[in-house]
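Whatever order the structure lists ligands and atoms in, that order sets their numbers, starting from 1. Positions are given from 1, in the same order as the sequence printed here. No hydrogens, no waters, no symmetry mates; every other heavy atom, side chains included, goes into these values.
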Amino acid sequence: MTTEELRKRSKEQEEYSADSIQVLEGLEAVRKRPAMYIGDVGVRGLHHLVYEVVDNSIDEAMAGFCTRIDVTINEDNSITVVDNGRGIPVEMHEKEQRSALEVVMTVLHAGGKFDKDTYKVSGGLHGVGVSCVNALSSRLTVDVLRQGKRWTQTYERGKPLAPVSLAGDSEGSGTVTTFMPDNTIFQTTEFKFEILAVRLRELAFLNKNVLLTLTDKREVTENGSDSHPVTENFYSERGLIEFVEYLDANRERLTDKVIYIDYDKGDTPVELALQYNTSFSENVHSYVNNINTIEGGTHLAGFRRGLTRTLKKYAEDSGMTTKLKFDINGDDFREGLTSVMSVKVAEPQFEGQTKTKLGNSEVMGAVDIAVSTALTNYLEENPKDARAIVQKVILAATARHAARKARELVQRKNVLSGSGLPGKLADCADRDPAVSEIFIVEGDSAGGTAKQGRDRRFQAILPLRGKILNVEKAMQHRIFDNEEIKNIFTALGVNIGTADDSKALNITGLRYAKVIIMTDADVDGSHITTLIMTFFFRYMYELVQNGNIYIATPPLYLVHKGKSEKYCWTEEERDAAVQEMGQGKESSVTIQRYKGLGEMNAEQLWSTTMNPETRTLRQVTIDSAAEADHIFSMLMGDEVPPRREFIEKHAKYANIDA
Ligand code: 0RA
């Protein structure tokens, strides 16, 4: 061996050992700061692990080699993901001197290094790599089926127990991953069928002709019963078209057919489905490499630009807008619009608070051209639909004009009345939003109790009279005219919107970090909560996204005997309390059933529901904007049967009133 060769070899060895130290540090870093990689270590982060593994199989499907992905929640709450792709490569990795499979599973961000041609997810919420899942699993086993052989390797907390080994012969090809999330890292390790189902349904719509299945093998399911099927299949032949039909299942559509655009001429493939309905809300959803870009970005800007310009030109050319005395703006073109856009970007740059905003500037023009080209053709070929759409846009502009007048009137009135705060608001003393909270309370009487019970230093109370307006069904100017809704806007200190963009919300003036909805624990109460949540979802989405919205949980029972009493939130707690108190003593145990907030006195309401030391608040979070849209439109829309079905399935309150 020449000295040159020797030097080279020793340098390689140095690099190799340096690399392997790096590797260990890599996965240690994930275990030390898991939230940096998967967002959090709660329910959301836990389910993220599954998405991460499934996303790799989806990548294989997008590359054209995989048609089926099976996800199983095993009896012990571990997860198995099986795909019928080519199988992760197992041959020796030259630089690392070990199996490529081991590299993929143990090196941070090693996932997409093999195939440069496919669109790999990088950055963003997913795409941290399956090695992160490995690092955060107490145990993980991967089996690869390739070229007639079956290979396997098992890891604990990311560390291989042995090198990749041959485990026998195989028919077909694919990858099988089974992992058990590490219960020393996650707050909970119980998977929710419904959360996984939402993501798999979304993936099925986004990747047509790929069969995804979800099986729950646990004996006792999350509902404590077998009320959901053990296996659910997700499969879509028509992809985004079906996605839009699903989102609009409970809305009245304006045109017969969903408009579908599949434009693959430039560098950025754009797929888009859209349909107008008779509602007043905008439901525009966008995805980049299967990631829901809830913060939007350049692709969304391109879509808006293309849509507005094309429709505007058509409207002007058709002469339908010549008599209009005011402007049509971008919002008007999207009122009553439901659309899903899916773009594939080779090297996506994700920005924004939640890394769900696309930054690649070249994508804007690509989407703009795709939308204008395809939509122009569509309008020319379907004049009847085109006219219906333009009429709808004109109606939206007219209504916006009326809404603006109503809004200006409100704002003028607010200026006149001094502080501008609603008379019904019992404000808190502290002016620091970070420590302040507001309870939005159903009814004046419960509002009165809450005012007595609160800690006025940092808790404000805003009582609402009866049911608030169903914003899903009302037109915008009626919404801004509504007394209760105006009170919410002004109490929160959130801007109603500018003259030009009624949906641009300014939340910098938010006066309370926590906005807490407090209603009775009965059917009416849950309906009111849903109405208020619909309002926040449609008109103050930023607050939901920011995690400012909470739901109070008043107790359902008071068990007492003599002087001892115990509040209970579930039937199990109640029964346990009855057991405990009933033991051996003479006087009898009574159970008081709380339905309304008004049944509690101020002290009781404070100690059970309002005192930060003892209460339980449920934070409202949205994992899937598309699913939330589907559910709100169903709950608040015109169609009764689907609503009944949903309520029966999720009937938390149904037995309470029985
Ligand atoms: C890169 C290359 C090849 C397969 C894969 C990635 C692959 C990765 C995953 C992750 C989960 N399931 C997967 N299936 C396939 C194969 C390259 C070749 O066979 O030549």
Practice problem: Have a look at Val104, Ile88, Val130 and point out the one with the heavy atom closest to atom 9 (C) of ligand 1. | Solution: Ile88
Exercise. Pick whichever of Glu60, Arg86, Gln147 has a heavy atom sitting closest to atom 17 (C) of ligand 1.
Key: Arg86
Quiz item: Arg146 heavy atoms, cut-off 4.0 Å: which ligand 1 atoms fall inside?
Solution: 16 (C), 18 (C), 19 (O)
Quiz item: Thr175 heavy atoms, cut-off 4.0 Å: which ligand 1 atoms fall inside?
Solution: 12 (N), 13 (C), 14 (N)
Quiz item: Does Lys208 come within less than 4.0 Å of Glu242, counting only side-chain N to carboxylate O?
Solution: no
Quiz item: Does Arg304 pair with Glu282 as a salt bridge, N-O distance under 4.0 Å?
Solution: yes
Quiz item: Which bit of Pro89 is near ligand 1, meaning a heavy atom under 4.0 Å away: side chain, backbone, both or neither?
Solution: side chain
Exercise. State the CG-CD distance between Asn207 and Glu202, to the nearest 0.5 angstrom.
Key: 10.0 Å
Quiz prompt | Heteroatom distance test (Asn56, ligand 1): nitrogen or oxygen, under 3.5 angstrom | solution = no
Quiz item: Considering residues, nucleotides and ligands other than Glu91, do more than 12 of their heavy atoms fall under 6.0 Å from its CD?
Solution: yes
Practice problem: May I ask you to check whether over 12 heavy atoms, not counting those of Arg305, lie within 6.0 Å of atom CZ? | Solution: no
